[in-house]
Amino acid sequence: MFYGVPLTSRLMLGTAQYPSPQILRDAVAASGAEVVTVSLRREGAAGGAFRDFLKDCGCRILPNTAGCHTVREAVTTAQMAREVFGTDWIKLEVIGHADTLQPDPFALVEAARILTGEGFHVFPYTTEDLIVGEKLIEAGCRVLMPWGAPIGSGQGLRHIDALRSMRAHFPEVPLVVDAGIGAPSQAALAMEMGYDAVLLNTAVAKALDPVAMARAFGRAVEAGQEAHRAGLMPRRDMAVASTPVFGMADLA
């Protein structure tokens, strides 16, 4: 549940870079995703047709502030997105490093505080830093979206221990792994760790068959979530025989 809205699917999809609008539509349907992200800049370039297209998909739209590098940019973009898309949900991105697209934690917290004060439901794209997470919660965020790896890199979960620590540190906060996921197995791992959802774009949009890949990701997220709920066996340092020694024939 995100800001009081229950969702059946734990997969969120980006909408950029698809070969065609129809392939995007088919991929979203195949994935089972109920939330799609879109940047205001792409909406502006499409002249409103893209917004109508997304509404026809039946998904909740999560606008984002992609490409923003300052607090002012991000806040203004979020305000415009609320007017265009008619939603208080906003994926907040404030980029601090041009090469890695790592978020600027100081600007992110400041922008989050301003937007939550204006009634926005903020989904902040952040790192797995626990202190930054705490500051974002204090700023009014009720969801955290730590990166798995740099955007579009496909590296998967680079800092697994840090992501595990974040899950343990914020047991009651919905957490979404956002960015860097390149394979369904990586999405499944995030869900097995107890994360609430996964957001990705490039791995599906740039696949040889985006629709088939979207379906694979949808299944992987479901499998990972079910495995987490079922209870994964703990890792052991030594082998433990699955067949008991007691009752075996003595052939000596």
Side-chain angles (χ1 to χ4, degrees), residues 1-2 6-13 30-35 100 102 123 125-134 136-137 142-204 206-209 211-252:
M1 182 177 293
F2 300 97
L7 298 172
T8 301
S9 173
R10 301 305 181 98
L11 177 62
M12 302 179 179
L13 281 184
S31 73
E34 297 174 79
V35 175
T100 64
Q102 179 172 327
F123 293 69
Y125 164 63
T126 182
T127 64
E128 62 282 284
D129 188 286
L130 301 182
I131 305 305
V132 176
E134 289 179 346
L136 288 167
I137 296 297
R142 295 295 174 262
V143 177
L144 297 175
M145 304 181 76
W147 66 349
I151 294 171
S153 69
Q155 296 177 21
L157 310 183
R158 290 202 308 175
H159 303 134
I160 292 179
D161 288 341
L163 288 169
R164 291 188 192 279
S165 295
M166 194 168 205
R167 178 68 284 177
H169 192 73
F170 298 103
E172 304 301 325
V173 178
L175 300 180
V176 181
V177 172
D178 175 19
I181 296 293
S185 57
Q186 298 164 359
L189 175 58
M191 300 305 294
E192 288 173 1
M193 291 165 55
Y195 276 73
D196 297 280
V198 170
L199 194 159
L200 56 98
N201 186 167
T202 308
V204 169
K206 290 298 187 179
L208 293 177
D209 186 339
V211 177
M213 186 62 76
R215 185 179 300 109
F217 268 105
R219 291 171 177 171
V221 167
E222 289 181 2
Q225 180 186 13
E226 188 170 354
H228 175 71
R229 288 178 174 175
L232 295 166
M233 69 173 290
R235 295 184 61 178
R236 298 163 173 163
D237 294 329
M238 300 292 291
V240 178
S242 58
T243 301
V245 176
F246 178 77
M248 293 184 66
D250 184 359
L251 303 177

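As the structure is a prediction and not an experimental result, all values here were calculated from the model.
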Under the side chain to side chain contact (heavy atoms under 4.5 Å, CB included) rule, what do Arg142 and Val173 come out as? Steps first, then yes or no, please. CA-CA 7 Å; Arg142 295 295 174 262; Val173 178; over 6 Å; no
Given Met166 and Glu128, is the side chain to side chain contact (heavy atoms under 4.5 Å, CB included) satisfied, shown in steps? CA-CA 6 Å; Met166 194 168 205; Glu128 62 282 284; 4.2 Å; yes
So which atom in [X] and which in [Y] form the shortest heavy-atom distance, rounded to 0.1 Å?
X      : Y      : result
Ala207 : Met213 : CB-CB, 3.7 Å
Ala33  : Ser31  : N-OG, 3.0 Å
Leu200 : Val198 : CD2-CG1, 3.8 Å
Gln186 : Gly156 : OE1-CA, 3.2 Å
Met1   : Pro174 : O-CG, 3.6 Å
Val221 : Ala187 : CG2-CB, 4.1 Å

Atom CE of Met12 and atom CG of Leu199: how far apart are they, to the nearest 0.5 Å?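 Reported to 0.5 Å precision, the distance equals 6.5 Å.
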Please report the interatomic distance CD(Glu222) to OG1(Thr8), rounded to the nearest 0.5 Å.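 Reported value, rounded in 0.5 Å steps: 10.0 Å.
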If we only count heavy atoms from C-beta on, is the [X] to [Y] side-chain gap below 4.5 Å?
X      : Y      : answer
Met193 : Arg164 : yes
Ile181 : Thr202 : no
Leu144 : Val176 : no
Phe2   : Val35  : no
Gln155 : Pro150 : yes
Leu175 : Leu163 : no
Phe217 : Leu13  : no

Just by modelled atom types, is the [Y] backbone N or O under 3.5 Å from a matching donor or acceptor in the [X] side chain?
X      : Y      : result
Glu192 : Gln225 : no
Glu34  : Leu7   : no
Ser165 : Asp161 : yes

On the 0 to 90° scale, with breaks at 30° and 60°, tag the Trp147-Tyr125 ring pair as parallel, tilted or perpendicular.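 Ring orientation of Trp147 relative to Tyr125: perpendicular.
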Just wondering, are more than 12 heavy atoms of other shown residues or ligands nearer than 6.0 Å to CD in Glu134?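 Check passes, neighbour count above 12.
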So, Arg215 and Asp209, do they make that salt bridge, N to O below 4.0 Å?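 So Arg215 does not pair with Asp209 through a salt bridge.
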Could you walk me through whether Thr126 and Leu136 pass the side chain to side chain contact (heavy atoms under 4.5 Å, CB included) test, one step at a time? CA-CA 9 Å; Thr126 182; Leu136 288 167; 3.9 Å; yes
For Thr127 and Gln102, run side chain to side chain contact (heavy atoms under 4.5 Å, CB included): C-alpha distance rounded to whole Å, both residues' side-chain angles, the deciding distance at 0.1 Å, then the answer. CA-CA 8 Å; Thr127 64; Gln102 179 172 327; 3.9 Å; yes
